2 protein chains.
Amino acid sequence: MRLLVVEDEVNLAGAVVDHLRARTHAVDWAATLDEAAAAVRTADFDLVLLDLSLPDGDGLSLLREMRDRTDRTPVVIATARDRIMERIAGLEAGADDYILKPYDLDELSARIAAIRRRAGDMPTSERRFGALVVDPEGRAVHLDGQPVALTRKEWAVLDRLSRRPDTTVTREQLEQAVYGFDDEVESNAIEVHVSRLRAKLGRAAVETVRGFGYRMGRG
Amino acid sequence: MRLLVVEDEVNLAGAVVDHLRARTHAVDWAATLDEAAAAVRTADFDLVLLDLSLPDGDGLSLLREMRDRTDRTPVVIATARDRIMERIAGLEAGADDYILKPYDLDELSARIAAIRRRAGDMPTSERRFGALVVDPEGRAVHLDGQPVALTRKEWAVLDRLSRRPDTTVTREQLEQAVYGFDDEVESNAIEVHVSRLRAKLGRAAVETVRGFGYRMGRG
DNA sequence: TCCAACCTTACGGATCCCTGACGGACCGTC
DNA sequence: GACGGTCCGTCAGGGATCCGTAAGGTTGGA
């Protein structure tokens, strides 16, 4: 799960990013419209939290541009309580929800969870691979009915891999899912996490596609 | 997937080429406008990464020349942060995206992936040949519903062959798709890969056109 | 029948990947 | 602030796989 936080006020942004990082996998931060536009075009985010008043322009233009590109990434806009018109315009431009500033961080998390559920990201949300069941909603993994404890990074890898069964996920896609842009990894960290995953879930859980990446197969 | 990197600074070019080679199939490098122009006219690239300031001229002229020839190959231009006018001119001349120098290699990869996706190179991207299904997006191959594991080169060959059903692909085109210009192959490597492909996908998957090359047929 | 083109197999060097070990970073507890 | 625990990135050795080459067999056309 990968989020983009678009917010120019540094302290607020820092708090939000920290909070979300503790709860999800990778969070990127954009302080300007330019940065946000570049980020959105570059990576696949699962959700964008968009502050509307930015130093270099109106966040709505970004939202409109995304929707024009038929980019359906869920967007939550953050507006001040007295900006009712902005809020309406935002929803009309294709936002999935709004949240009033100043907002409570827990409310934000809940709102995000709701959006993602509504977006039907994964209809049944349970992903089955033989005896292995991955439940992104509850961030739980069961093997033969027994719960398996995963660390944060292990979960991030498994989450990304299990999202598209039978599809090869490149090492790069995994790195982007586990780390953001900034956090650079210079070693075989992904390999190591896959190795640790296999130790917990069984050798066959993750198939390696030499030269490209990894894949999880149905059955 | 075949890329052309146009960049005169040797160290940077080397790093970029290495990075991209690890992730895609074939990468060619041109250090001058002349070389780039020749390469672009000679081979079908899937994408061109174009540095604008070259020793023997402006990269934009190459881009314009390509577009004049109605060559729609996706082009990403690389410019320094302070060359805003260049960037705008580039987009107006028909570039598909730009990236600011100095750029992060992973960001470059992501940008390239985004472009290719946006270019609708592969709408739903599934290529069907009877019981054989080739999915370039997920780099997956299914035969009678069963996934088939392919090595990198095998995939490169199959990818090129399946791109145009019922069309004969010359041995030379295959070599260019699998290797670049430089990587020379002096033997029957392509034949060997085709043979290995047939062993995995069935004898009839790939038809040989004696004296010309190979072909994959619908139905 | 003969030749050229193509197919198949085997082999060893090159490449890529796996995994155990280690130490730094962070966290909670005493 | 010291200690124990967990998580995680890095590294290196060894092992598995890949792939170009070559050599011999097979096919197809003249």
Side-chain angles (χ1 to χ4, degrees), chain A residues 18 21-26 139 141 148-161 168-172 174-180 182-215, chain B residues 18-19 21-26 106 139 141 148-161 168-172 174-180 182-215:
Chain A
D18 284 350
R21 277 218 177 113
R23 255 147 259 257
T24 59
H25 305 315
R139 197 190 173 283
V141 185
V148 181
L150 296 185
T151 72
R152 194 185 320 200
K153 301 286 180 188
E154 283 163 8
W155 170 259
V157 171
L158 182 63
D159 181 37
R160 182 66 183 84
L161 281 175
T168 302
V169 181
T170 66
R171 194 191 242 71
E172 180 160 335
L174 279 174
E175 283 177 7
Q176 290 219 3
V178 177
Y179 316 95
D182 2 278
D183 261 313
E184 41 191 281
V185 207
E186 318 185 332
S187 76
N188 59 347
I190 294 293
E191 282 173 33
V192 174
H193 286 302
V194 169
S195 176
R196 287 170 183 157
L197 264 179
R198 288 208 259 236
K200 290 182 177 178
L201 305 177
R203 187 70 50 87
V206 178
E207 195 179 341
T208 123
V209 181
R210 217 179 143 85
F212 278 84
Y214 299 90
R215 172 174 57 184
Chain B
D18 284 350
H19 183 82
R21 276 219 178 111
R23 261 144 250 258
T24 58
H25 302 320
D106 285 326
R139 196 192 171 275
V141 184
V148 181
L150 296 186
T151 72
R152 193 188 321 206
K153 301 288 180 189
E154 284 163 9
W155 170 259
V157 170
L158 182 64
D159 182 37
R160 182 66 184 83
L161 282 175
T168 302
V169 181
T170 67
R171 181 181 311 248
E172 185 159 331
L174 278 175
E175 282 179 8
Q176 291 217 3
V178 177
Y179 316 95
D182 3 276
D183 257 314
E184 42 192 283
V185 210
E186 317 185 332
S187 75
N188 58 348
I190 293 293
E191 284 173 32
V192 173
H193 286 302
V194 169
S195 174
R196 287 172 182 154
L197 264 179
R198 289 209 258 236
K200 289 183 178 178
L201 305 178
R203 190 68 48 89
V206 179
E207 195 179 340
T208 122
V209 182
R210 223 178 142 82
F212 284 88
Y214 299 90
R215 170 173 61 180

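Lettering follows sequence order; numbering is per chain, from 1. As the structure is a computational prediction, the values presented were derived from the model and not from experiment.
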Is there side-chain contact between [X] and [Y], with at least one heavy-atom pair below 4.5 Å?
X         : Y         : result
Arg160(A) : Val178(A) : no
Val209(A) : Trp155(B) : no
Tyr214(A) : Val194(A) : yes
Ile190(A) : Tyr179(A) : yes

Is it the case that the side chain of [X] and the backbone of [Y] share a donor-acceptor pair, with hydrogens and angles ignored and the cut-off at 3.5 Å?
X         : Y         : answer
Arg198(A) : Val206(A) : yes
Arg196(A) : Glu191(A) : no
Lys200(B) : Val148(B) : no

May I have the distance from [X] (atom [atom1]) to [N] (atom [atom2]), rounded to whole angstrom?
X         : N       : atom1 : atom2 : value
Leu197(B) : dT9(C)  : CG    : C1'   : 16 Å
His193(B) : dC18(D) : NE2   : P     : 11 Å
Glu154(A) : dC7(D)  : CD    : P     : 8 Å
Phe212(A) : dC18(D) : CZ    : C1'   : 13 Å
Trp155(A) : dC7(D)  : CH2   : P     : 16 Å
Arg215(A) : dC17(C) : CZ    : P     : 14 Å
Lys153(B) : dT15(C) : NZ    : C1'   : 11 Å
Tyr214(A) : dT17(D) : OH    : C1'   : 14 Å

Measure from the side chain of [X], starting at C-beta and using heavy atoms only, and say which of [options] lies closest.
X         : options                   : value
Arg152(B) : dC16(C), dC6(C), dT9(C)   : dC16(C)
Arg171(A) : dC18(D), dC17(C), dA22(D) : dC17(C)
Ser195(B) : dC7(C), dC8(D), dC18(D)   : dC7(C)
Arg198(B) : dC18(C), dC8(D), dC7(C)   : dC7(C)

Carboxylate-amine/guanidinium proximity below 4.0 Å for Arg215(A) and Glu207(A): yes

Counting the atoms with a prime plus P, OP1 and OP2 as sugar-phosphate, which does Val192(A) contact under 4.0 Å by heavy atoms, base, sugar-phosphate, or nothing? base

Residues in residues 200-209 of chain B with a heavy atom under 4.0 Å of DNA chain C, by number, are Arg203(B), Thr208(B)

Here the gap from Asp159(B) atom CG to Arg139(B) atom CZ, rounded to the nearest 0.5 Å, amounts to 9.5 Å

So which protein nitrogen or oxygen atoms get under 3.5 Å of nucleotides 12-16 of chain D's nitrogens or oxygens?
| unit_1 | atom_1 | unit_2 | atom_2 | d |
| --- | --- | --- | --- | --- |
| dA12(D) | N6 | Asn188(A) | ND2 | 3.1 |

**Prompt:** Per the atom types in the model, does the base of dG9(D) pair as donor or acceptor with the side chain of Arg196(A) at under 3.5 Å?
**Reply:** yes

